[in-house]
Amino acid sequence: MGCTAEAAEKFVATKTLFAPGKAVNAGGVAVSGLEMSQNSLRLSWSNEEVDEKLHYIMSSIHEQCVKYGTLADGYIDYVRGANVAGFMKVANAMMAQGIV
């Protein structure tokens with residue numbers, strides 16, 4: 001279930017495990033993207049292939065959240081991790097295109 005921004009802040013402040021919506025909702029967005037890719041390329045993947053691709057995407061999101069969200073005391077701030085990972089993805093793309 002979604003929660004208010006205030007509740008999310010309390011989860012993080014009390015070091016309660018909390019995954020932000022932008023990370024957990026990525027599965028639905030990813031599957032939509034996979035469907036659009038199939039349609040555009042006129043491909044048809046089996047349920048197992050879609051599940052495998054989705055598992056890879058979600059595992060990668062988790063790894064990035066852990067990479068950027070692990071604090072000195074070992075607590076993983078998934079909100080921070082997701083925010084920093086998203087920023088890094090955009091920043092790296094901008095640098096690759098010579099924008100910055």
Side-chain angles (χ1 to χ4, degrees):
M1 293 295 295
C3 61
T4 65
E6 293 80 16
E9 289 172 9
K10 288 185 183 196
F11 289 145
V12 173
T14 59
K15 298 193 176 190
T16 301
L17 183 61
F18 169 75
K22 70 182 74 170
V24 297
N25 292 330
V29 175
V31 170
S32 292
L34 292 172
E35 289 174 349
M36 289 190 299
S37 295
Q38 286 183 91
N39 292 339
S40 176
L41 298 170
R42 300 196 190 318
L43 295 173
S44 180
W45 295 320
S46 68
N47 292 344
E48 292 79 18
E49 288 173 299
V50 173
D51 284 347
E52 182 180 314
K53 291 174 190 311
L54 178 60
H55 179 61
Y56 173 78
I57 291 166
M58 296 305 290
S59 293
S60 296
I61 289 170
H62 180 262
E63 288 172 12
Q64 293 297 303
C65 287
V66 170
K67 177 180 178 179
Y68 294 113
T70 301
L71 304 181
D73 64 0
Y75 172 72
I76 302 169
D77 181 343
Y78 283 91
V79 175
R80 177 178 182 249
N83 287 338
V84 173
F87 173 83
M88 293 300 294
K89 190 166 194 162
V90 171
N92 288 333
M94 291 174 72
M95 289 190 304
Q97 294 181 18
I99 296 171
V100 277

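Only heavy atoms go into these numbers, but all of them, side chains included; no hydrogens, no water, no symmetry mates.
No side-chain heavy atom of Val79 sits less than 4.5 Å from a side-chain heavy atom of Glu9. Counting heavy atoms from C-beta outward, Ser37 and Trp45 have side chains that approach closer than 4.5 Å.
Atom CG in Asn92 sits 9.0 Å away from atom CZ in Phe87 (nearest 0.5 Å). Annotation: the span from Asp77 atom CG to Phe18 atom CZ amounts to 9.5 Å, rounded to 0.5 Å. To the nearest 0.5 Å, atoms CG (Asp73) and NZ (Lys15) are separated by 3.0 Å.
Linking ILVMFWY residues whenever their side-chain heavy atoms come closer than 4.5 Å, directly or via other members, places Leu34 and Leu43 in the same cluster.
Residue Ala30 comes nearest to Leu54 through the heavy atom pair CB-CD1, 4.0 Å, listed as atom of the first residue, atom of the second, then distance. Nearest heavy-atom pair across Leu71 and Arg80 is CD2-NH1, 3.6 Å. When all heavy atoms of Met95 and Val100 are compared, the pair lying nearest together is CG-CG2, 3.5 Å. The nearest pair of heavy atoms linking Ala8 to Cys3 is N-SG, 4.0 Å.
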Going through the distances and angles, do Leu17 and Tyr78 end up as a side-chain contact (heavy atoms from CB on, under 4.5 Å)?
-> CA-CA 8 Å; Leu17 183 61; Tyr78 283 91; 3.3 Å; yes

Audit row: Ser46, Glu49, side-chain contact (heavy atoms from CB on, under 4.5 Å) steps and yes/no = CA-CA 5 Å; Ser46 68; Glu49 288 173 299; 3.4 Å; yes

Apply side-chain contact (heavy atoms from CB on, under 4.5 Å) to the pair Asp51 and His55, showing each step before the final yes or no.
-> CA-CA 6 Å; Asp51 284 347; His55 179 61; over 6 Å; no

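Looking only at distances, no side-chain donor or acceptor of Thr70 sits under 3.5 Å from a matching main-chain atom of Lys67. Checked by atom type and distance alone, the side chain of Thr14 pairs as donor or acceptor with a backbone atom of Lys10 at under 3.5 Å. Proximity of a side-chain donor or acceptor of Tyr75 to a complementary backbone N or O of Thr16 within less than 3.5 Å is detected. Side-chain N or O atoms of Gln64 include none that pairs as donor or acceptor with a backbone N or O of Ile61 at under 3.5 Å.
Within a 6.0 Å sphere centred on CD of Glu52, other residues, nucleotides and ligands contribute 12 heavy atoms or fewer.
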